[in-house]
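Predicted model only: the values in this text are computed from it and were never measured. Note on naming: letters A, B, ... go to the chains in the order of the sequence lines (proteins, then strands), and numbering restarts at 1 for each one.
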There are 2 protein chains.
Amino acid sequence: MTVGLAHAELIAVLTAVTQGEPKVMTVRRGEALPSGPFELVHRSLQSGLREWVQDQTGHPVGYLEQLYTFADRDRTHDSAKRRTISISYLGLVREQAAPGAGKPGWHGWYEYFPWEDHRSGRPAILSGISDQLQAWADVELPRREHRKRRVEFAFGLHDAAWNEDLTLQRYELMYEAGLVAEAGHAPPDISAGRPMFADHRRILATAIARLRAKIKYRPVVFELMPENFTLLQLQRTVEALAGLTLHKPNFRRLIDQQQLIEETGEVTSETGGRPAKLFRYRHAVLEERALSGSKLPLSRN
Amino acid sequence: MTVGLAHAELIAVLTAVTQGEPKVMTVRRGEALPSGPFELVHRSLQSGLREWVQDQTGHPVGYLEQLYTFADRDRTHDSAKRRTISISYLGLVREQAAPGAGKPGWHGWYEYFPWEDHRSGRPAILSGISDQLQAWADVELPRREHRKRRVEFAFGLHDAAWNEDLTLQRYELMYEAGLVAEAGHAPPDISAGRPMFADHRRILATAIARLRAKIKYRPVVFELMPENFTLLQLQRTVEALAGLTLHKPNFRRLIDQQQLIEETGEVTSETGGRPAKLFRYRHAVLEERALSGSKLPLSRN
DNA sequence: TCTCCTTATACTCTAGCTGAGTATATCCAG
DNA sequence: CTGGATATACTCAGCTAGAGTATAAGGAGA
């Protein structure tokens, strides 16, 4: 069988959470995600990415997960005979292992997606966005119903509740409606987040959505935590990722139901009030542990 | 930046469920998954796949989802200067739209994974498999604990329950332990399912795992159903995918809680006993509808 | 025609989980 | 020693999931 030829490129969304803020590693002063060629020396895609991330940041990536592979023709700047296949990955880095986390190179997620951070309530920018989206949705009938439903669902208007997992859907709607600079239409009058090179912001949206969904059923948060941490630090990290505030007593109950962590025996009084116990992740509890969450009515037969 | 050159290949896991059996479309008498080159004429990866699947099967693919992109060096049969990137997709086809579903070309999932079908109880083959896996896990101490935990968790031994979503983990363990023919070790004495070309069975395992997980929170089953169906037909389809039997009253309760379907007003008496009402999927309820399933303790502040 | 078998459909009950709120403990600063 | 801050423990109501039971309505065959 004949097989097409293409360039292969690896794109990384490296994420760390420092001081309760989610960050992404960037190049070109925050305008692009780091990327590199996939070459023959690399054993596999994943190890290829691991190698050059380690070269560039000097620190290991704990968790690495493939996100998506793109190859739309629009993205190609090559000759007519070649095109680029971009394979994107999500990588999680521990706070301590991200020494440049304050330096340029690391930028907060919510610079690019200000409407995604609901920790201090619904962002003001959302009213402008939803106004414009509803205007965009108000076309002739066949498409109108569909558009309206998508907008209301994705942005939690009317009776729908805000669903933090829909980051990608929201970005795509805004792209379709021409509200983000990358769409290339007339520049929007509201400043809808900082744009990025090519479709890099879309890839970041994919990563955020994936991570927000994943923390609910896999213990991946701990890849972002230092060795020892307090329960509130853990909660703040989850809140940073989800862009939401959580109910403290219930968060703690959930955590120790799962038996994912154990006390170190030490306490820290750097938290302001009563000293907090330090915990560590129970590596013994292993990564394989899925938190099930079955929605099927099983029977025991 | 320099970018590596590679061949690009699209691999499809096309699935249909006919008469309560999950099938996958194959070539070479069931030994391989259909695949085709990604070429310049294609607008995008997804549309490229859609086009040649439609050409080959003559029927449209309803639902199409990217699975994974592989590029391990072992898979390459090319010259030293090229390698192949394989992008795999999961596609769902309606029962009626799969005219070849009885003909050669379509094979049951469980020919390849007999240990995955628990609809008639725990398959007998599993005792042999778990014996051999436990023998394999019984090595010197540093690795033993980890191996034992993986085996027990993936195969639901001891206190762990069988988790149908772990199809890929189970296949990978069996591969590591040399229990599947593709591993290339000494041929296993138990016949652990029908092998496939290269890593195609691994890709099929990925597809099964993804689909089993997805039916729990997205209404993708309906992509596999005919226009009108009875509740038991729907249940049998879900059971076929999950490889499990479900509790009938609870299944029905779950379905109409979600308001995903509506009565057509007609009944069918082809089911043997009392005639069953026919239902159809409420397309109005739209694909965007995620069934949430949040595991985060949200607060209303 | 009546009985039995089969499938369809409706209802009940209980344990556990989730969302929400409240109460108590222990440090630091002034 | 008092107030502010954070940490930690406990309570309670409503919902949901798992499980079981009861009734309805067709067909096949005695």
Residue set satisfying salt bridge (charged side-chain N to carboxylate O under 4.0 Å, His left out) with A:R210, at least two apart, ordered chain then number -> A:E65
Sorted by chain and residue number, the side-chain hydrogen bond (donor to acceptor under 3.5 Å, both in side chains) partners of A:E145 (sequence neighbours excluded) come out as none
In whole angstroms, the gap separating P of C:dT7 from CD of B:Q233 amounts to 13 Å
For the pair B:R119 and B:E21, find out whether any cationic side-chain nitrogen is under 4.0 Å from an anionic carboxylate oxygen. yes
When rounded to whole Å, the CG to C1' distance for the pair A:L254 and D:dT8 reads 17 Å
Hits for side chain to side chain contact (heavy atoms under 4.5 Å, CB included) against A:A213, two or more places apart or cross-chain, chain-then-number order -> A:D165
In whole angstroms, the gap separating P of C:dA8 from CG of B:L278 amounts to 11 Å
Between protein and nucleotides 21-24 of chain D, what N or O pairs are separated by less than 3.5 Å?
| residue | atom | partner | partner atom | Å |
| --- | --- | --- | --- | --- |
| D:dA24 | N3 | B:R274 | NH1 | 3.0 |

Between CZ of B:F279 and P of C:dA8 the distance, given in whole Å, is 11 Å
Rounded to whole Å, the CG-P distance (B:L246 to D:dA17) equals 14 Å
Applying salt bridge (charged side-chain N to carboxylate O under 4.0 Å, His left out) to B:E111 and not counting sequence neighbours gives B:R194
Of the candidates C:dG19, D:dA19, C:dA8, the side chain of A:R253 sits closest to C:dG19
Walking DNA chain C from its 5' end, the first of B:G273 and B:K277 to be reached, judged by nearest nucleotide, is B:G273
Considering only heavy side-chain atoms of B:Q257, the closest of D:dA17, C:dT18, C:dT9 is D:dA17
So the salt bridge (Lys or Arg N to Asp or Glu O under 4.0 Å) pairs with at least one residue in residues 228-245 of chain B (sequence neighbours excluded) are B:R236-B:E239
Item to complete: Could you tell me whether the phosphate oxygens of D:dA7, OP1 or OP2, come under 4.0 Å of any side-chain nitrogen or oxygen in A:R252?
Response: no
Each nucleotide N or O in nucleotides 28-30 of chain D that has a protein N or O under 3.5 Å away: list the pair and distance.
none

A:L231 has its side chain closest, among C:dT9, D:dT8, C:dT18, to D:dT8
Those residues at least two apart in sequence (or on a different chain) that pass side-chain hydrogen bond (donor to acceptor under 3.5 Å, both in side chains) with A:Y68 are none
* Look at B:R150 together with B:E172 and state whether they make a salt bridge at an N to O cut-off of under 4.0 Å. => no
From the candidates C:dT7, C:dT26, C:dT9, the one with an atom nearest any side-chain atom of A:P275 is C:dT26
From CD1 of A:I255 across to C1' of C:dC17 the rounded distance in Å is 16 Å
Sorted by chain and residue number, the side chain to side chain contact (heavy atoms under 4.5 Å, CB included) partners of A:P275 (sequence neighbours excluded) come out as A:V267, A:S269
Side-chain contact check for A:N250: nearest option of C:dT26, C:dA8, C:dA20 is C:dA20
B:Q258 CD to D:dA17 C1', in whole Å, measures 13 Å
Note to self: Tell me whether the side-chain N/O atoms of A:K248 come closer than 4.0 Å to OP1 or OP2 in D:dT8.
What the structure shows: no
